[in-house]
Amino acid sequence: MEVKTSLLDNMIGVGDMVLIEPLSEDTFIENLKKRFDHSEIYTYIGSVVISMNPYKSLPIYTAEKVEEYRNRNFYELSPHIYALADEAYRSLRDQDKDQCILITGESGAGKTEASKFVMSYVAAVCGKGQEVNKVKEQLLQSNPVLEGESSTSSVFVPITLSIYLLEKSRVVKQPRGERNFHIFYQLLSGASDDTLKKLKLDRDFSKYNYLSLDSATVNGLDDAASFRTVRNAMQIVGFMEDEVQSILELVAAVLKLGNIEFKPESRCNGFDESRIKDKNGECYIDCNLRLLLFQAYYARDALAKNLYSRLFSWLVTRINESIKAQTKTHKKVMGVLDIYGFEIFEDNSFEQFIINYCNEKLQQIFIELTLREEQEEYIREGIEWTNIEYFNNAIICDLIENVSNGILAMLDEECLRPGTVTDETFLDKLNTVCAEHQHFESRQSKNSKFLTDHSLPHNCFRIQHYAGKVLYRVEGFVDKNNDLLYRDLSQAMYKANHSLIKILFPEGNPAKVNLKRPPTAGFQFRASVGTLMKNLLTKNPNYIRCIKPNDEKAAHIFTDSLVCHQARYLGLMENVRVRRAGYAFRQPYEPCLERYKMLCKQTWPHWKGPARKGVEVLLKNLQVPAEEFAYGRSKIFIRNPRTLFFLEEKRRQCLGDLATLIQKIYRGWKCRTHFLLLKKSQVVVAAWYRRFAQQKKYQNIRSSALVVQSFIRGWKVRREYRKFFRANAGTNVSFCVQMQKYFMGLKKTMPSMSPVDKSWPARPYCFLDGMHQELRRIFHLWRCKKYRSQFTEEKKATYEEKLAASELFKDKKALYPSSVGQPFKGDYVEITKNPKYQKLNSLVEDKVLLADVVSKINRANGKVRTLSSVIFLLTKKSFVLADQKTGQVKASVPLLDLSSVSVSTQSDGFFALKLKEV
């Protein structure tokens, strides 16, 4: 597997957007697309992580990956969410700085998954121990519980959980293409039939008005399995069974509230009111309210939203209580904020207005904290800080939140003033107060340039946000800001027999009646945002920007316009410009020198001085302009990405040269090694060849010497013979003729090659008697040798047995001659093949040498006993007597206890075994 030591190694596109060259919106999107096509879903903007939702599983979240990024420098490896999580955790652990991780993006961008990866990484690398592990498990399991309750989670998760923003309007109405909170679908899909029967629910989503049907099912999302996960998580976190049942009952109640319908009714006094159509329905609350039809539906939805939001708040409190029970100290905090992103729809209302206000504040604090982080690093490194020009959206935040003439303040003023209050009067107030504001546009304002703007309807106003212009329809602003729950409904909830509902509506207690008007939704939201901002300012920020590549939620599809739209409202280009305004790249001296030391002869291959001095020598040798870099206390700062890419290009060329040099050295070493091996082999071959040549030469000389010797001996014999023949001319002729006739006759009358053939030709002359017998002996030995050479190993063993028997019984046993021709079989009862004796065969440990049926003889009268036939088994260690019919062992005697074996000399099969005295 390839190991990277820097995000600059083998980059696909550019791993850090700060280094993109040239910088434009087109090159920014093109770089994201290039990396996305190669499954590189993470990209940096300095210390900010851009996360593209791949809509498929990737093998980059394994335990091995956790260890790979653990305790590593942020820029040391390829961009990954684990790098940011590790940086935040180490800053929390080592520097005692509280951390916050802000995860933003629109629905479907993968914010929830990103928060899971962060929390799981921190859980994997933090401390061990039974108590710590239990708290970690409870924190991790709180995620599916709250995730099911909030489809776009806005939860700040330190060691305890805090809720800031919950999109409770989603309970009664969902944006197009999105669905309600997950828990409704999970309950209907995953609960058992008995549970649904108790809750009086049906699995059919279409039977509930609050559930959006166009996005009820999501590809790759198993609601039934998710419900089982939620139930298991509740158990781990510490919920009792009766608490779980109460939660499910309230979720079911919210679903059934949406099915309550009303009908108009006129009274005799001339006033109109509304009544519930079906009072026998599953969920019926009679509060005796004299309400118009639209007011009745408003009251119903307000109750549903309050019931759900208060249940969610109670869940957070309940989980905190469980976690606090396990933790004795609270010293360090790491927050994970998963929040909905900027929203620009065709029809934008109050919900989008407050969500975009929150994102304006987050963008404001993001730029402020980014600049503060940059300035702190410059000061820490001793680099001169220069002011950076950037768009400050404080003017937009002031337009919305100013306590005297901000949009939220004027909305509250309209909601609280006496008299007729409508959305139109609210818009008139905005047109009067905000007409001259450069980021506010309305067709009815005093600003004449918008009077003929037909893209701006009369009942709308437009705000120039940092992410772009957004058109808001004022219809519903006043009612949604009031977000009032009628006092009668609160009292009815308090009187309910359900214990949890009574806890959720304490203001319904008649003994604690509060006539003070409750705060508006805008006021509550602004207060929550303010609390969130204060919390974030006290912590070290870390950012994850989530982007969805397409609306189809499918893998391998990248829609440029959609990604560009999200990049704009996330302010990514502005972030890059802020990062590049000073020095685009900075790196500690040690890794910088280690990476580029091969570019200078003085620093290659080893630099023995301080790392900073080595970098100075390196940059001076490369003639990099002085204005392109600055020396910090521990880091080198590079102003322009072109300078960095210049160094990288030089390094790439140098690595090519070094690779060539290494290849050359290796090939030389390989060739030398091969040559030495060949040389060594040649010496060995030459030595063996010389030995062979000398041996062959010796054999030739020896053979020649033997030939010469034989000729000399023949010559000598012939010379003596001639002398003898001349001396005894007549006698020798007769002798030679007789010898010749003898040998020729012997050749014709030779006996057969059988070793048992005892015939031999008669001698013709008495003086040949000695030689005649010697030739007979030599011939017999020779044919016996020829006969034996034809034996197989099995036949040799048979003859060895026969030889042993001959030594024992030949000329001693009358029966022996008749047994010579019979082969020795050994197992005459086939004990290994006969199934009747299978058990007997298994009892005998050694190899059976002899197995036969024998009869026992009475020693008193010498008669064979009736029915006394037994099986006699002989092994190398013992002999065994067994019953012939059953195969049961009757006796087993070790051979060491046997003193002798006796047989008779007659033609019988009698033998006696004599045992030692015991």
Side-chain angles (χ1 to χ4, degrees), residues 104 106-107 152 154 164-176 178 301 305 309 339-364 393-403 405-416 421-431 433-435 437-445 456-483 519-530 532-533 568-571:
T104 56
E106 65 180 60
S107 179
T152 50
S154 307
Y164 290 99
L165 312 167
L166 178 70
E167 192 186 4
K168 61 183 180 181
S169 61
R170 183 182 290 268
V171 174
V172 299
K173 184 180 179 182
Q174 300 86 45
R176 188 174 64 183
E178 297 188 18
D301 292 345
K305 290 187 289 184
S309 64
I339 192 168
Y340 29 68
F342 205 90
E343 292 187 350
I344 305 177
F345 299 139
E346 292 181 4
D347 186 10
N348 301 289
S349 187
F350 179 74
E351 294 84 3
Q352 285 69 47
F353 176 74
I354 59 174
I355 287 173
N356 293 344
Y357 159 60
C358 177
N359 278 274
E360 283 286 357
K361 295 294 291 182
L362 287 174
Q363 175 68 8
Q364 183 184 26
N393 68 334
I395 188 173
I396 304 174
C397 296
D398 185 71
L399 170 65
I400 298 173
E401 67 181 4
N402 189 287
V403 294
N405 57 3
I407 294 176
L408 286 176
M410 287 185 284
L411 181 59
D412 286 349
E413 186 178 317
E414 278 295 294
C415 292
L416 297 176
V421 178
T422 63
D423 297 318
E424 287 72 22
T425 61
F426 165 62
L427 181 58
D428 290 340
K429 195 176 190 71
L430 291 183
N431 292 332
V433 177
C434 305
H437 198 287
Q438 58 183 338
H439 290 274
F440 178 84
E441 300 174 5
S442 173
R443 196 167 181 179
Q444 297 180 7
S445 69
L456 189 58
H458 290 281
N459 63 339
C460 298
F461 66 91
R462 190 159 54 204
I463 293 179
Q464 175 68 53
H465 288 282
Y466 79 91
K469 293 183 178 182
V470 182
L471 185 70
Y472 297 103
R473 191 178 301 276
V474 295
E475 182 181 351
F477 260 64
V478 173
D479 287 338
K480 291 175 181 177
N481 186 52
N482 278 322
D483 194 26
T520 63
F523 179 85
Q524 295 179 54
F525 196 89
R526 183 174 57 188
S528 294
V529 170
L532 175 60
M533 297 302 116
R568 287 173 183 169
Y569 76 63
L570 287 172

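Source: prediction; values computed, not measured. Side chains are part of it too, since the values below use all heavy atoms of this structure and drop only hydrogens, waters and symmetry mates.
- For Phe461, the ring-ring contact (aromatic ring centres under 6.0 Å, His included) partners at least two apart in sequence or on another chain are Phe440, Tyr472, Phe477.
- With sequence neighbours excluded, no residue forms a ring-ring contact (aromatic ring centres under 6.0 Å, His included) with Phe523.
- Applying the salt bridge (charged side-chain N to carboxylate O under 4.0 Å, His left out) test to Glu475 and every residue at least two apart in sequence or in another chain returns nothing.
- The main-chain N or O of Lys305 is found under 3.5 Å from a side-chain atom of Ser309 such that the two form a donor-acceptor pair.
- At least one donor-acceptor pair under 3.5 Å links the side chain of Asn356 to the backbone N or O of Glu343.
- If you check the side chains of Asn481 and Asp412, you find a donor sitting under 3.5 Å from an acceptor.
- With hydrogens and angles disregarded, a donor-acceptor distance shorter than 3.5 Å links the side chain of Asp423 to the backbone of Val478.
- Atom CZ in Phe345 sits 14.0 Å away from atom CG in Leu471 (nearest 0.5 Å).
- Under the 3.5 Å distance criterion, the side-chain polar atoms of Asn431 are matched with a main-chain donor or acceptor of Leu427.
- A distance-only check finds a donor-acceptor pair linking the side chain of His439 to the backbone of Gln464 [under 3.5 Å].
- A ring-centre distance under 6.0 Å is not found for Tyr466 and Tyr569.
- Gln352 places a side-chain N or O within donor-acceptor distance of the main-chain N or O of Ser349, the cut-off being under 3.5 Å.
- Salt bridge Glu401/Lys361: present, at least one basic N to carboxylate O contact under 4.0 Å.
- Side-chain contact check for Asn393 and Gln363: no donor-acceptor pair (N or O, by modelled atom type) lies under 3.5 Å.
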